[in-house]
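Keep in mind that the numbers below use all heavy atoms, side chains included, and drop hydrogens, waters and symmetry copies.
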Amino acid sequence: MESTAIAADARKRRTKPAIIDCDIHIPSVKEEMLAYLPRHYREQIDTFGMRLPSQGAMYLNGAKGGRMQEQQFPNDGKTSSILEHFRREHLDKYNIAHAILTGIGDYGINTTPDPDYAAALCRASNDYGIDHFVSQDPRVKSSIMIPKQDPLLAAQEIDRVGDHPGLVQVIVSNGAEKPYGNRFYYPIYEACVRHNLPFAVHVSMEGIGINHPPTGAGHVNHYIEYRMARTQIMMAHLASMIFEGVFVRFPELKFVMIEAGMLWVAPYMWRMDQDWKALRSQTPWVSEPPSEYVRRHVRFTSQPLELPPDNAMFEPMMNAIFADTNLLFASDYPHWDFDSPLKAFPKMSAERRERIFYANAAELYGLPSPAGQEASE
Amino acid sequence: MSAKHYVATVGELQPGGKRIVEAGGKSVGVYNIDGVYYALRNLCPHQGAGLCEGVTSAYVTSSGPGDFAYTCEGEIVRCPWHQWEFDIKTGQMVVDPRMRTLTYDVSVEKYEVSVDQEARIYVHLPA
Ligand code: FES
């Protein structure tokens, strides 16, 4: 009986197209993670707590714990139990071939004024992630946390773990001390290029700790304003990356914008192209239209999907953002604003779906094509 | 067939100089770049500004952030409105050559009426 059920389940799973999900947050078990810290910091934490600024101390979230309410992770102090829950509730359920964890632990690391502590936390998070997640399931990939406060320390961390096959990109919070095109960050990009890793920015920690306020006009009040402000910051990073010439200096570098929206990229590119026609001579190293750098170097994730009120606008906008090459599906599991891999997108051609849900990410992260998928068809 | 319109004497249009003249009801900019004359319709294909009223400049290139190199000195006109750059020799927008303003032939003519008469510059517009 049971084996029949398993076989039926496996058949069902094979008929679902394989997916690469590019934004996943599974909780970590603090005690197991802290075991990777040196004694100095473990003792400090025992005595004084984590001393990391947090978003929750300033802003609401969308739901308790920021999660879909039925996603109650096991609380037995074992990361393996969390991973088991994640496999069942997400990987198996939706036939996720590769899940990209967008950071292990806490983006609060990107908000502390203490770069040595940030570096130690990043090392601990990365090692814990390798041992407890990435090495436990070949479907699980992760992102390298770095102390962006100190790009030289950040580069050291990228050099330390950057060749691990389970770590597919470098990640930082959208909240920042300087726009990411600033040459202050060059050591990070040099290290990314050395290890052939994309540089990803994930919305988070805007205006928290050492990071600048979430808008140029200052702090905003409500969580919904805060979410709107994130897009502005990502826009600033994008223009900064292009016009400071990061892609000219680092022609191999890929830049991934995570959870900051997608359709806005179209009018923003049009605006940059328009202005560039007039202002080109002020940044002559930007020798091609800005949209061309976006097309070649920038990828963005889909969640939270911003759908036009009129479905007829969807396809043209998808064309406008180069969705077939530049858009990556993301669910943001287990967060409350999760996009279902099955239900979130309007109808699309099979080719387009395959690009967004698999091929674009496979090319970006160097992941294999879906195992067994062709064989089963 | 084309109609010939007087622009200036050669002495009046030195290298690096420019003249804007009315020719056959059209406004035309005539440039002297290193002793060769070029004529452009004084009309920007973008939104219709008087293109040749704009600054005559060079083309700026770069090997990387912070580097500025000047080439094509005197061969670029920047539209006075939205600052798009056009190649005076071809009438084409530098970054998008499909965007262009008309160019016209220019001739220099000298009549042996008197020995000290200066050669005269003409622009030729299609009739
Ligand atoms: S009118 Fe000339 S650039 Fe706009």
Side-chain angles (χ1 to χ4, degrees), chain A residues 151 176 178-193 199 236-253 255 267 269-298 320, chain B residues 16 18 29 31 33 38 40-103:
Chain A
K178 289 174 188 292
Y180 285 119
N182 195 288
R183 62 188 68 177
F184 170 76
Y185 298 110
Y186 278 3
I188 294 174
Y189 304 140
E190 284 161 6
C192 286
V193 169
F199 175 73
H237 290 317
L238 177 57
S240 174
M241 296 288 279
I242 291 173
F243 295 107
E244 290 272 21
V246 170
F247 302 125
V248 178
R249 277 293 289 258
F250 305 100
E252 298 96 347
L253 187 68
F255 171 44
M269 282 192 296
W270 302 337
R271 175 63 187 267
M272 287 194 289
D273 281 1
Q274 179 71 12
D275 275 5
W276 173 79
K277 287 177 185 169
L279 307 176
R280 188 209 62 82
S281 63
Q282 298 178 7
T283 56
W285 45 89
V286 181
S287 57
E288 291 177 86
S291 59
E292 199 42 37
Y293 295 93
V294 174
R295 198 183 59 71
R296 273 210 304 269
H297 295 274
V298 184
Chain B
K18 153 186 100 182
Y31 293 82
I33 302 175
Y38 300 90
L40 291 183
R41 180 144 190 218
N42 184 21
L43 181 71
C44 180
H46 179 219
Q47 290 183 17
L51 177 62
C52 304
E53 324 274 351
V55 171
T56 306
S57 70
Y59 184 65
V60 188
T61 63
S62 171
S63 63
D67 178 61
F68 299 85
Y70 290 80
T71 63
C72 307
E73 192 60 66
E75 298 176 22
I76 303 294
V77 56
R78 304 186 63 97
C79 177
W81 282 7
H82 310 103
Q83 302 294 313
W84 290 9
E85 299 161 297
F86 291 81
D87 182 341
I88 294 168
K89 293 181 172 178
T90 64
Q92 290 172 305
M93 186 181 180
V94 173
V95 297
D96 182 5
R98 290 163 308 176
M99 183 68 76
R100 64 189 308 165
T101 194
L102 286 176
T103 57

Exceeds 12 heavy-atom contacts within 6.0 angstrom, atom CZ of A:Arg296: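 Enclosed.
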
Whether over 12 other heavy atoms sit under 6.0 Å from B:Tyr70 OH: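 Open.
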
NE2 on B:His82 to CG on A:Asp275, rounded to 0.5 Å: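 Going from the CG atom of A:Asp275 to the NE2 atom of B:His82 covers 10.5 Å.
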
Atom pair CG/CH2 of A:Leu279 and B:Trp84 - distance to nearest 0.5 Å: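 Atom-to-atom, A:Leu279:CG and B:Trp84:CH2 are 12.0 Å apart.
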
Side-chain touch A:Lys277/B:Met93, heavy atoms, less than 4.5 angstrom: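 Of all side-chain heavy-atom pairs linking B:Met93 with A:Lys277, at least one is under 4.5 Å.
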
Close side-chain approach of B:Val60 to A:Arg280, heavy-atom, < 4.5 Å: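 Yes, at least one pair of side-chain atoms sits under 4.5 Å.
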
Contacting moiety of A:Ser281, where chain B heavy atoms sit under 4.5 Å: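 Both parts, heavy atoms under 4.5 Å.
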
Which portion of A:Glu288 sits near chain B, non-hydrogen atoms under 4.5 angstrom: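 Contact with chain B: none, neither part.
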
Interface residue of largest heavy-atom contact number with chain A, from B:Ala58, B:Ser62, B:Pro65, under 4.5 Å: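 With the most close heavy-atom pairs to chain A, the winner is B:Pro65.
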
Distance-minimising heavy-atom pair for B:Gly66 and A:Trp285: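 Here B:Gly66 and A:Trp285 meet closest at N-CZ3, 3.2 Å.
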
Under 3.5 Å donor-acceptor, B:Arg78 side chain and A:Ala278 backbone: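 Answer holds: yes.
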
